[in-house]
Amino acid sequence: MEDAYAKSVAEVLAAFGVDPTKGLSDEQVEQHARLYGKNELPQEESTPFWKLVLKQFDDLLVKILIAAAVISFLLARMNGETGLAAFLEPSVIFLILAANAAVGVITETNAEKALEELRAYQADVATVLRNGCFSILPATELVPGDIVEVGVGCKVPADMRTIEMLSHQLRVDQAILTGESCSVAKELESTSTMNAVYQDKTNILFSGTVVVAGRARAVVIGVGSNTAMGSIRDAMLRTEDEATPLKKKLDEFGTFLAKVIAGICILVWVVNIGHFRDPSHGGFLRGAIHYFKVAVALAVAAIPEGLPAVVTTCLALGTKRMARLNAIVRSLPSVETLGCTTVICSDKTGTLTTNMMSVSKVCVVRSVHQRPITDEYSISGTTFAPDGFIYDASGLQLEFPPQSPCLLHIAMCSALCNESTLQYNPDKKCYEKIGESTEVALRVLVEKVGLPGFDSMPSALNMLTKHERASYCNRYWENQFRKISVLEFSRDRKMMSVLCSRKQQEIMFSKGAPESVMARCTHILCNDDGSSVPLTMDIRNELEARFQSFAGKDTLRCLALALKRMPEGQQSLSYDDEANLTFIGLVGMLDPPREEVRNAIHSCMSAGIRVIVVTGDNKSTAESLCRQIGAFEHLEDFTGYSYTASEFEGLPPLEKANALQRMVLFSRVEPSHKRMLVEALQLHNEVVAMTGDGVNDAPALKKADIGIAMGSGTAVAKSASDMVLADDNFATIVAAVSEGRAIYNNTKQFIRYMISSNIGEVQLLWVNLVTDGLPATAIGFNKPDSNIMTVKPRKVNEAVVNGWLFFRYLIIGAYVGLATIAGFVWWFVYSEDGPRLPYSELVNFDSCSTRQTSYPCSIFEDRHPSTVSMTVLVVVEMFNALNNLSENQSLLAIHPWSNLWLVGSIVLTMLLHISVLYIEPLSALFSVSPLSWAEWKVVLYLSFPVILIDEVLKFFSRSSRGRRFPLRLRRHLNARKASKYKMGQKRSKQEGILSIGKRLGIQ
């Protein structure tokens, strides 16, 4: 029954045909069970393990690598290789892919746990009225129309409409559903609000929420999937996981790589058609097959076999660093997603705030004889810890707060007129509450005020253990006074009172809504001398002005405290006793913002990331918080920046699109609104990070590009998220964004390193698998660029390898290839230890046996030239690895020792290579020879220029001229395609480079 909140009690009961005094009959129960089903969330079938495994191989780059492994094996067998040599490279590739598949399976298994965790919020049992008798039944047996009784501590077993109050009030904690920081009062009256959200349905008890005060009876209106909790489950099921930006770009890169490989194969084969008839091949067909094998071998050499392993390793390293920042990563690919996040939708309660109600201001009457009439105190401390100080209006700390009569009596009233408990949890190492947040805030205030009569009190309290300190002052007042009678809070009075006795003197302490308490006050307690004087109209107006300031401008939750001397021997209280009270003071409290949030918000703004605060709280409270944390920086009028869910939904499509571009605050939301906001932002090409801690946040966390749950949040939110903040701190997200950007930059660097190196390689197993792998992995330890958090997030459609970057790959790769060939040629033509052949003789080496020469043909079998060539390739790659410390910053700015892991990997690689050259069994295995010092000098001369070349390219990258260079180079090509690609937009020259990248197929 979806509109039960808008119907009267009689209408709802009539709709289900139930008598509120007897409940449903057995026949009705059976009928409703068949009609509405069981009261449980359906069990979802999990994806079979074998399907999860196969899904990890449904990736173009992975398929290319598998093909490379198979072809590598076939070529090895065709060349007569057997045993380990034939299986080595394919085995390494398959091991890499298996490790990646394992990571993917673990990630997807974690995601499925969110739906299971949701079932934990269902109640186990319920007190049900059937056939005129109450009985305790399993909650799964409830059907719509059942009459259920709930009380303090009860978990609501289904969605229910209140029909009868059994106490003065009924309050429910529905934070897991709405994110509201305080419990909500429930009532019987119907609601006429249009487009009502959960917060407006004050007569509905939602499944999974908890009753914190009072007793009531209600009729079940929804069970199983037809509850608020069920709608969250359905929203999570409708949400499909999307590929991360890096995954999409690597897929595009795989497509481009496939085209390049095919091009290499075709080009090499076609170019050598004239050599097919060479007698050495034994015929045209054999020649064609020979050059096909050569073409395939070269293509396989161009494939970066280690790319998946290095990407996974880099992400894993980032995960480890994030863990040190209190960001626990649950989904490995999401590590990089943070780097391109453009919008952070942050939950308010518990993320931007401490979710610990604290008294921040106190107002008392100083004296009626001099101005100003009132004194105002501010209280430090933003958690439930009894740590904090009290400051007067001038900002001076009060050394002994109990010496102030009003503060002393506020402490008494707060300790005695209180049903909550404050305790220390040694396991979590924090102070925790039991009961209402507002009452616990008063408990903490009592501890901050301290006790009278002891000059050493502040330091003496600090000597207590944390367990003793939690409620030491509160227990003191509870021991001084004996509670005799209590008048519970009721909605009509909006206050509660407690009668206490001390030394034959009875005193009634009262607390409640300021308008209710002050209306019952006839006297005031003066802070100067502790005297009680009549409450005049002027003083009343002054107090009401302060109350309006606290509640309006400061959006504080306010309570007024009062006392009254009662006749000696009185043992009970009546509502009539709550008159002629003496006003003690006004306290204002709030869920305070975390101290570090303001700086974190500023860091986001500097990094080009927009923060949208999303909350279930009312608009004015949320706007006050945004003002405090700097989200509304330099704004006086919040129009167009702050919207409630109903206001946003009522906007026309065009205005809604404009609102999304400016929105800073989204208030009075329910779970569906959060998910809707994420989807709308994603349609505008935003990369969205969503934070949350409640069950209500799970659908949005799952839908967002990266879902971030709080460590203290619900298990459902954690299971639906990609990352968990162990310290619940928004500032940790900003640090994680910086890490995510660094990871992406490092990923680009080792892709650049491997591709540019492989372009210059042929099929050298040693170089491909050993000398590539170590430095490429070490690049993952690169320090972030110094300006990483002052640049805007990269666009979601930005290619991993754009046009200019690919041009740089070609230049460096071409040099690597030329330097390698130059080393080979040098030994034959110029080396003192070589034959010093004319270049023309070297070019025609393959015809040596068919003509007369002045040198023996056996010199072409010497191992020295290939060893020099191979060593040049290894050393030039080590220098190229240093180039990749940063994409654009010079080695003069980022020194090699900034990444000692890279330096160490280069040293280790060179030691391995030297071992291959100079240790006899290894040199024979790899068909190489030891090099002389003269040969080593040539190797260095040929290798070092790769650094100089890349420094020049980096210089162009840092300058706008460098960005325009490829554009000028290719502007005359495909002009029509370029204009069509930009859809007629007025593009900048920088965007022109991206269009070239798209035409090259590497966007």
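Computed over heavy atoms, backbone and side chain alike; hydrogens, waters and symmetry mates excluded.
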query = Quick one: do D617 and R668 make a salt bridge, cutoff under 4.0 Å?
reply = no
query = Is it true that the side chains of Q174 and K186 contain a donor and an acceptor less than 3.5 Å apart?
reply = yes
key: Heavy-atom side-chain contact between F384 and E432 under 4.5 Å   = no
request  = Ignoring hydrogens and angles, state whether a donor on the side chain of S490 or R493 is under 3.5 Å from an acceptor on the partner side chain.
outcome  = yes
query = Can R161 and V9 be said to form a side chain to side chain contact (heavy atoms under 4.5 Å, CB included), step by step?
reply = CA-CA 8 Å; R161 166 68 158 89; V9 171; 3.6 Å; yes
ask   = Just by distance, with hydrogens left out, do E623 and S620 show a side-chain donor and acceptor under 3.5 Å apart?
value = no
query = For the atom pair CE (M160) and OG1 (T209), what is the distance rounded to the nearest 0.5 Å?
reply = 8.0 Å
request  = Under the side-chain hydrogen bond (donor to acceptor under 3.5 Å, both in side chains) rule, what do D387 and Y431 come out as? Steps first, then yes or no, please.
outcome  = CA-CA 11 Å; D387 306 321; Y431 291 89; 5.6 Å; no
inquiry  = Rounded at 0.5 Å granularity, tell me how far OG in S574 sits from CG in L487.
reply    = 7.0 Å
task = Would you kindly say whether T353 and D591 are connected by a side-chain donor-acceptor distance under 3.5 Å?
result = yes
key: Side chains of V172 and V212 in contact at under 4.5 Å (non-hydrogen atoms)   = no
request  = Measure the CG-CG distance between L581 and L525 for me, rounded to the nearest 0.5 Å.
outcome  = 13.0 Å
query = Heavy-atom count around K466 NZ within 6.0 Å, excluding the residue itself: above 12?
reply = no
key: Crowding at CD, E544 (>12 non-hydrogen neighbours, <6.0 Å)   = yes
key: From CA spacing to verdict: side-chain hydrogen bond (donor to acceptor under 3.5 Å, both in side chains), S404, N527   = CA-CA 6 Å; S404 168; N527 202 35; 2.5 Å; yes
Non-hydrogen side-chain atoms of L352 and R594 separated by less than 4.5 Å = no
inquiry  = Would the distance check show the side chain of Q571 and the main-chain N or O of G569 forming a donor-acceptor pair, the cut-off being under 3.5 Å?
reply    = yes
request  = Begin from the C-alpha positions of E596 and F730 and carry the test side chain to side chain contact (heavy atoms under 4.5 Å, CB included) through to its verdict.
outcome  = CA-CA 8 Å; E596 58 282 335; F730 181 82; over 6 Å; no
key: Any M496 side-chain heavy atom under 4.5 Å of C417 side chain   = yes
message = Within the supplied structure, the quantity of interest is the number of heavy atoms (other residues, nucleotides, ligands) at a distance under 6.0 Å from F389 CZ; does it exceed 12?
response = no
request  = Keeping to residues at least two apart or across chains, list the side chain to side chain donor-acceptor pair (under 3.5 Å) pairs with something in residues 440-451.
outcome  = R443-N474, R443-E478, E447-R469, E447-N474
request  = Go through the side-chain N and O atoms of N618 and Q199 and say whether any donor and acceptor fall under 3.5 Å apart.
outcome  = no
ask   = For the atom pair OG (S360) and CZ (R557), what is the distance rounded to the nearest 0.5 Å?
value = 13.0 Å
task = Would you check if there is a donor-acceptor pair between the side chains of E578 and S497 at a distance under 3.5 Å?
result = yes
message = Would C626 and V613 count as a side chain to side chain contact (heavy atoms under 4.5 Å, CB included) here? Give the steps.
response = CA-CA 8 Å; C626 289; V613 179; 3.8 Å; yes
request  = Dump the intermediate steps for ring-ring contact (aromatic ring centres under 6.0 Å, His included) on Y377 and Y391, then the final yes or no.
outcome  = CA-CA 6 Å; Y377 298 100; Y391 301 89; over 10 Å; no
query = Looking only at heavy atoms, what is the nearest atom pair of G208 and M229, with distance?
reply = CA-CE, 3.8 Å
request  = Could you tell me whether the side chain of S358 and the main chain of M356 form a donor-acceptor pair under 3.5 Å?
outcome  = yes
key: Pair T691-D347, side-chain donor/acceptor within less than 3.5 Å   = no
key: Contact summary for A726 and I328, nearest pair of heavy atoms   = CB-CG1, 4.3 Å
Short side-chain donor-acceptor distance under 3.5 Å, T374 and R366 = no
ask   = Counting only N and O atoms by type, is there a donor-acceptor contact under 3.5 Å from the side chain of D554 to the main-chain atoms of L556?
value = no
ask   = What heavy-atom pair brings C413 and I584 nearest, and what distance separates the two atoms?
value = CB-CD1, 4.3 Å
task = Return yes if a side-chain donor-acceptor contact under 3.5 Å exists between T555 and S624, otherwise no.
result = yes
key: Any L586 side-chain heavy atom under 4.5 Å of V362 side chain   = no
message = With a 3.5 Å distance limit and no angle check, can you tell me whether N479 reaches the backbone of R475 through a side-chain donor-acceptor pair?
response = yes
Rounded distance (nearest 0.5 Å) linking atom CE of M589 with atom CD of E439 = 9.5 Å
ask   = Side chains of T127 and E149: do they bring a donor and an acceptor to under 3.5 Å?
value = no
ask   = With a 4.5 Å limit on heavy-atom distance, are the side chains of L442 and V587 in contact?
value = yes
ask   = Distance only, no hydrogens: is a donor on one side chain within 3.5 Å (strictly under) of an acceptor on the other, for T202 and E187?
value = yes
request  = Would you name the heavy atoms of A562 and F583 that are closest together and state the gap between them?
outcome  = CB-CA, 4.3 Å
ask   = Any chance the side chains of T536 and D538 put a donor and an acceptor closer than 3.5 Å?
value = no
request  = Would you mind reporting whether L407 and L398 have side-chain heavy atoms less than 4.5 Å apart?
outcome  = yes
key: No-hydrogen, no-angle side-chain donor-acceptor test under 3.5 Å, D392 and Q397   = no
query = Is there a donor-acceptor pair closer than 3.5 Å between any side-chain N or O of R482 and the backbone N or O of C500?
reply = no
request  = Please answer whether the main-chain N or O of N203 pairs with a side-chain N or O of T162 as donor and acceptor at a distance below 3.5 Å.
outcome  = yes
key: Backbone N/O of S572 and side chain of Q570: donor-acceptor pair under 3.5 Å   = yes
remark   = Nearest heavy-atom contact between D159 and T227 is OD2-CA, 3.2 Å
task = Assess whether side chain to side chain contact (heavy atoms under 4.5 Å, CB included) is satisfied between V533 and I524, documenting all intermediate values.
result = CA-CA 6 Å; V533 299; I524 55 170; 3.4 Å; yes
ask   = Quick one: does L166's side chain get under 4.5 Å of R217's, heavy atoms only?
value = yes
ask   = Of the non-hydrogen atoms in S485 and L573, which two are nearest, and what is the gap between them?
value = OG-N, 3.5 Å
remark   = Rounded to the nearest 0.5 angstrom, the SG-CG distance for C406 and L561 is 10.5 Å
ask   = Has K433 got more than 12 heavy atoms of other residues, nucleotides or ligands less than 6.0 Å from its NZ?
value = yes
